[in-house]
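Note that these values count all heavy atoms, side chains included, but never hydrogens, waters or copies made by symmetry. Numbering of residues begins at 1 and proceeds along the displayed sequence. All figures in this text were calculated on a predicted structure; none of them were measured in a lab.
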Amino acid sequence: MNVITITREYGAGGAELARKLAQSLGWELLDREMLHQAAETQHVPDAELERLDEQAIAMTDRFRLHPPHQRYLEGLRHATNQAADRGRVILVGRGARHLLGERPDCLHLRLVAPPAWRAERLARLEGWSRDVALARCTEVDRTRRQFARYFFGEAAIQSAQYDLVANTGRVPLANLVDTIVEVAAGATATSAPPVEGKRVLTLSRELGAGDRGFAPPLAERLGLHACDREMLEQQAIRLGVPEAELEKIDEQSASIFQRFRPSSIHQRYFQALEQLTRELAERGGVLLVGRGGCWFLRDHPTAFHVHLTATAEVRVRRVMEYRWVREDVAKKLLAQSDAQRRTFCENYFGADWSDPLEYHLTINSGRLGPLAVDVVAWSAQRHWGVRAAQG
């Protein structure tokens, strides 16, 4: 690992994380410095590129004969790749993740956090009122999104474009620094001694993003009992229905009538699922796979919530390999699975299944490969350690 890029929502702690990582690793840090290097490369005044820095592109600039934003982007591309060639560098914002493409020696991070949390943090740091801070977050987020979409397309801010998306509203920056330092330094994975307390990890996943090969080694590594289909079996016993019948509605959407009709199988399924999830969490030492665990346990003090993602290309390839199906069939299965899980979460929990704000970490298993297990294990251990210290 030779390069770290940090994409960030305004106020989520990107600059602070970059400084601490640079200090811990002894690496070069380029934030606004990239802008000055770009200006030198393109032989334009710093002020001209400053006007364009991570901003939406004005219509008047788009139709100029020599658009200044094209010179801005080419300057950034040169500065970014030159820095990456030197190595041991941390690049903050300005599309660095996309400008570097798919270089194998890079770790791409994105930081998010709830707007209210970011506003409170900025109000505390900058001495602003909460309303001013929230308005500032809204405006900067808007211009950065427009900048990313204009230059790099609609997919630019999707979680699958990054190795790791961290919700700093849930994950302390100090914990994140320690985990990233271990990744960058190539730390050797070891089985750490269990942390005291009721350890709970929930794992939400996209089909093809690690369904088969992720939960078992993670559970073994952390000394947790993995519950996936076992939960379905226990529900069937409690409800007194065949498991095959319950499987038909497992993580499936349901109409309002089906969900709220007294004694309907959908209502009984949901109630039994919530009860079972809470009982398992109360015992602790458990890894809960899917079935709304992160929302049932949203306020659980020690639960650590993870979502697995991967690019469509990786997911299609994995489904083709695991299920021995053609590409068109694999794509259809992915679309059906995504729609079913998304609707299940919306209907039962009012939640966006793919939103990284719903989790502590969103992990790209396609990009990280086996390292993804290490990242989750290190992060979960730190989370539980902090909780145990807080009593």
Side-chain angles (χ1 to χ4, degrees), residues 107-110 158-167 170-171 179-180 182-183 187-192 194 199-232 250-251 277 280-281 285-295 297 303-323 330 333-334 337-338 340-342 344-345 353-356 358-384:
L107 181 70
H108 301 301
L109 310 178
R110 181 169 181 249
Q158 292 180 358
S159 295
Q161 295 294 312
Y162 303 89
D163 296 285
L164 170 65
V165 182
N167 179 353
R170 292 178 179 237
V171 181
T179 297
I180 301 307
E182 286 188 301
V183 173
T188 303
T190 58
S191 296
R199 299 172 303 133
V200 180
L201 193 151
T202 71
L203 185 63
S204 168
R205 72 280 186 240
E206 299 170 356
L207 179 64
D211 307 55
R212 293 170 177 257
F214 194 88
L218 178 62
E220 182 178 0
R221 171 84 177 278
L222 291 171
L224 303 176
H225 177 67
C227 294
D228 190 351
R229 289 197 58 83
E230 176 186 326
M231 295 184 69
L232 197 62
D250 187 40
E251 291 189 288
T277 299
L280 290 168
V286 65
L287 189 163
L288 303 174
V289 180
R291 297 174 180 84
C294 72
W295 293 287
L297 304 176
F304 190 74
H305 306 304
V306 177
H307 181 73
L308 288 184
T309 189
T311 62
E313 293 78 11
V314 169
R315 296 172 64 202
V316 166
R317 185 180 71 248
R318 285 176 172 173
V319 171
M320 290 173 66
E321 293 173 353
Y322 294 156
R323 304 201 178 188
L333 288 172
L334 289 182
S337 175
D338 287 354
Q340 288 169 354
R341 290 175 178 175
R342 183 178 297 109
F344 171 76
C345 294
W353 170 63
S354 62
D355 186 352
E358 298 289 340
Y359 312 95
H360 289 81
L361 297 180
T362 298
I363 299 285
N364 189 327
S365 63
R367 290 186 55 86
L368 288 175
L371 184 59
V373 172
D374 298 333
V375 172
V376 174
W378 287 326
S379 301
Q381 287 281 23
R382 290 192 173 90
H383 171 77
W384 294 323

Least distance between heavy atoms, [X] atom then [Y] atom:
| X | Y | result |
| --- | --- | --- |
| Ala330 | Val319 | CB-CG1, 3.9 Å |
| Tyr162 | Arg110 | CE1-CD, 3.7 Å |
| Ala380 | Leu222 | CB-CD1, 4.3 Å |
| Ala215 | Leu287 | O-CD1, 4.0 Å |
| Val286 | Cys227 | CG2-SG, 3.7 Å |
| Ala372 | Ser365 | CB-CA, 4.3 Å |

Test item: [X] and [Y] side chains (from C-beta on) under 4.5 Å apart, heavy atoms:
| X | Y | result |
| --- | --- | --- |
| Tyr359 | Thr202 | no |
| His305 | Leu297 | yes |
| Thr277 | Arg291 | no |
| Phe214 | Val373 | yes |
| Leu201 | Leu218 | yes |

Under 3.5 Å, side chain of [X] to main-chain N/O of [Y], donor-acceptor pair present?
| X | Y | value |
| --- | --- | --- |
| Arg199 | Gly223 | yes |
| Arg315 | Leu207 | yes |
| Ser379 | Val375 | yes |
| Thr311 | Ala160 | no |

Requested in this report: Indicate whether any N or O donor in one side chain lies under 3.5 Å from an N or O acceptor in the other, for His307 and Thr362.
Outcome: no

Query raised in the report: Does one side chain, of Trp295 or Glu358, offer a donor that lies under 3.5 Å from an acceptor on the other?
Result: yes

Requested in this report: Begin from the C-alpha positions of Trp378 and Arg221 and carry the test side-chain contact (heavy atoms from CB on, under 4.5 Å) through to its verdict.
Outcome: CA-CA 10 Å; Trp378 287 326; Arg221 171 84 177 278; 3.4 Å; yes

Query raised in the report: Residues in side-chain hydrogen bond (donor to acceptor under 3.5 Å, both in side chains) with His360, at least two apart?
Result: none

If I take atom [atom1] from residue [X] and atom [atom2] from residue [Y], how far apart are they, to the nearest 0.5 angstrom?
| X | Y | atom1 | atom2 | value |
| --- | --- | --- | --- | --- |
| His108 | Leu368 | NE2 | CG | 10.5 Å |
| Glu206 | Asn364 | CD | CG | 9.0 Å |
| Leu371 | Glu182 | CG | CD | 10.5 Å |
| Thr309 | Gln161 | OG1 | CD | 9.5 Å |

Query raised in the report: With respect to Leu164, which candidate in Leu107, Ile363, Val376 satisfies the side chain to side chain contact (heavy atoms under 4.5 Å, CB included) definition?
Result: Ile363

Requested in this report: Name all residues meeting the salt bridge (charged side-chain N to carboxylate O under 4.0 Å, His left out) criterion together with Arg318; count only those two or more places apart in sequence or in a different chain, and write none if there are none.
Outcome: none

Report task. Please test Phe304 against Leu361 for side-chain contact (heavy atoms from CB on, under 4.5 Å), starting from the C-alpha separation and ending with a verdict. Result -> CA-CA 9 Å; Phe304 190 74; Leu361 297 180; 3.8 Å; yes

